[in-house]
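Given the structure is predicted, the values throughout are model-derived calculations rather than measurements. Whatever order the structure lists ligands and atoms in, that order sets their numbers, starting from 1. All heavy atoms count here, side chains included; hydrogens, waters and symmetry mates do not.
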Amino acid sequence: MTTVPSSAHPDLAGGRLTIDLGALAENWMLLKKRAGDAECGAVVKANAYGCGIQPVVAMLRRTGCKTFFVAVAEEGIRVRNTAPDARCFVLSGLYKGAAQHFIDAGLIPVLNSTYEIQIWAEACEMVDRRLPCAIHVDTGMNRLGITYHELEALIGNDKVINWLDITTIMTHYACADDIGHPKTTYQRENFLHATYLLPGRERSAANSAATLHQDGHAFDLVRPGIALYGGEAINNIPNPMKPVVKLEGRIVQIRDAAEGQSVGYGASETLKRDSRIAYLSVGYADGYHRSISNSGVPMRSVNGSVQGAYRGVLLPGIGRISMDLMAFDVTDIPENQIGPGSWIELFGPTVALDNVARAAGTIGYELLTGLGHRYARTYLGTDA
Ligand SMILES: *Cc1c(COP(=O)(O)O)cnc(C)c1O
């Protein structure tokens with residue numbers, strides 16, 4: 001068990017994050033199995049979905065992962081420092097003036113436009129070396145990537161293409177989280193056509209959802225992200241992944257309040273019984289969205305409110321979430337079993353991350369990547 005020096009002191013923090021690197025490794029192994037003969041990479045953008053890029057990369061590298069994907073080059077530099085023998089693809093942003101930084105750090109750019117292709121070809125010519133890159137083909141998402149016709153034109157342009165060492169051709173699915181969506185079939189067909197123009201290159205299309213589908217999307221290299229961190233990748237099926245992140249808030253104070261009184265900002269909730277209310281030192285400034293309060297989604301079935309858990313028992317949230325504080329109704333927990341300093345689970349093994357995300361009107365990805373900087377962070381599974 002390791003506490004990260006840069007995180008809040010565990011004695012002082014009002015909230016703590018426990019990140020189970022053993023569960024992360026198991027999740028990667030499951031995805032690797034689903035990927036069949038394809039290589040299983042890992043997407044570690046946005047500080048490894050909030051989990052900490054350095055410990056996550058170190059653990060995945062030890063588990064056998066050799067290829068990482070990040071969003072921006074600075075994340076890539078951190079990956080290369082942690083796993084110098086691994087490949088690192090940068091998914092977005094090869095700007096003018098950036099190429100030399102990529103070369104110095106040994107980063108592989110994913111080229112998403114003819115503009116970026118031009119920049120990389122010029123950089124290669126400058127150093128007189130063909131340097132590895134991936135070509136991203138847009139097959140129907142209309143986000144990043146060149147079109148089929150732009151790819152054809154590139155192949156006919158000797159001056160540019162002869163400078164590129166295109167190791168990989170990739171695309172990205174818009175609707176893989178929705179099993180059986182016709183868009184995914186359509187994109188896969190388009191991708192296949194594009195790969196025929198660049199035969200013999202490594203092909204990569206699958207995010208977590210498409211990797212878990214197991215129906216011909218794995219190609220040569222898969223790129224799972226959210227599933228590694230225990231989040232739901234596919235809608236409306238039981239999540240096969242292990243929870244990796246546990247978020248807990250610490251009780252500052254428990255107060256008694258009488259039936260008929262209101263709780264918190266806006267007096268949005270009126271007590272239906274004499275209650276004991278526990279205030280935790282976690283709020284929306286910590287990435288626990290204010291919209292979770294009073295959002296009226298199904299998970300908030302107990303007293304119509306968001307749930308936390310204390311020693312495995314679900315607790316209803318109460319009133320609005322403030323910047324630094326939020327409240328739970330602890331009336332049903334015996335007084336001698338809970339008090340200031342007790343920890344309440346906000347998500348983790350008892351309360352699913354994605355249920356909390358749904359209550360906030362968002363997805364697990366956003367909740368994880370938005371977790372704040374005031375937590376004490378503890379990593380499990382780091383000691384051999
Ligand atoms: C973020 C991202 C992934 C990973 O997606 P998940 O849904 O988190 O598995 C894969 N490929 C690209 C291009 C991405 O931007």
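- Counting protein heavy atoms only, atom 13 (C) of ligand 1 is closest to H172 ND1, 3.6 Å.
- Of all protein heavy atoms, the one closest to atom 9 (O) of ligand 1 is S208 OG, 2.5 Å.
- Under 4.0 Å from ligand 1, the heavy atoms of L91 that appear belong solely to its side chain.
- Of all the heavy atoms of F69, none lies under 4.0 Å from any atom of ligand 1, so neither backbone nor side chain is involved.
- Compare L144, I226, V110 by their heavy atoms: the one nearest to atom 6 (P) of ligand 1 is in I226.
- The nearest protein atom to atom 8 (O) of ligand 1, hydrogens excluded, is given as Y49 OH, 2.5 Å; this is a heavy-atom distance.
- Contact annotation for R223 and ligand 1: heavy atoms of both the backbone and the side chain come within less than 4.0 Å of the ligand.
- Under 4.0 Å from ligand 1, not a single heavy atom of E232 appears.
- Side-chain contact check for N81 and R78: no donor-acceptor pair (N or O, by modelled atom type) lies under 3.5 Å.
- Between the side chains of H217 and Y173, a donor-acceptor pair is found at a separation under 3.5 Å.
- Among the candidates L280, L371, V282, L367, the single residue satisfying the side-chain contact (heavy atoms from CB on, under 4.5 Å) test with Y288 is V282.
- Using modelled atom types and a 3.5 Å distance limit, the side chains of T67 and R87 yield a donor-acceptor pair.
- A heavy-atom distance below 4.5 Å is not found between the side chains of Q261 and T270.
- Using a 3.5 Å distance cut-off with no hydrogens or angles, the side chains of S204 and T168 do not pair a donor with an acceptor.
- For atom 7 (O) of ligand 1, the closest non-hydrogen atom on the protein side is Y365 OH, 2.6 Å.
- If you look at F328 and Y279, their ring centroids are not closer than 6.0 Å.
- The nearest protein atom to atom 1 (C) of ligand 1, hydrogens excluded, is given as K45 NZ, 1.4 Å; this is a heavy-atom distance.
- Contacts between P224 and ligand 1, counted as non-hydrogen atom pairs separated by less than 4.0 Å, involve the backbone only.
- Residue-level proximity to ligand 1 for N207 is carried by backbone and side chain together, each with a heavy atom below 4.0 angstrom.
- For ligand 1 and R143, the ligand atoms under 4.0 Å from any heavy atom of the residue are 15 (O).
- Remark: D85 does not engage R80 in a salt bridge, criterion side-chain N to carboxylate O under 4.0 Å.
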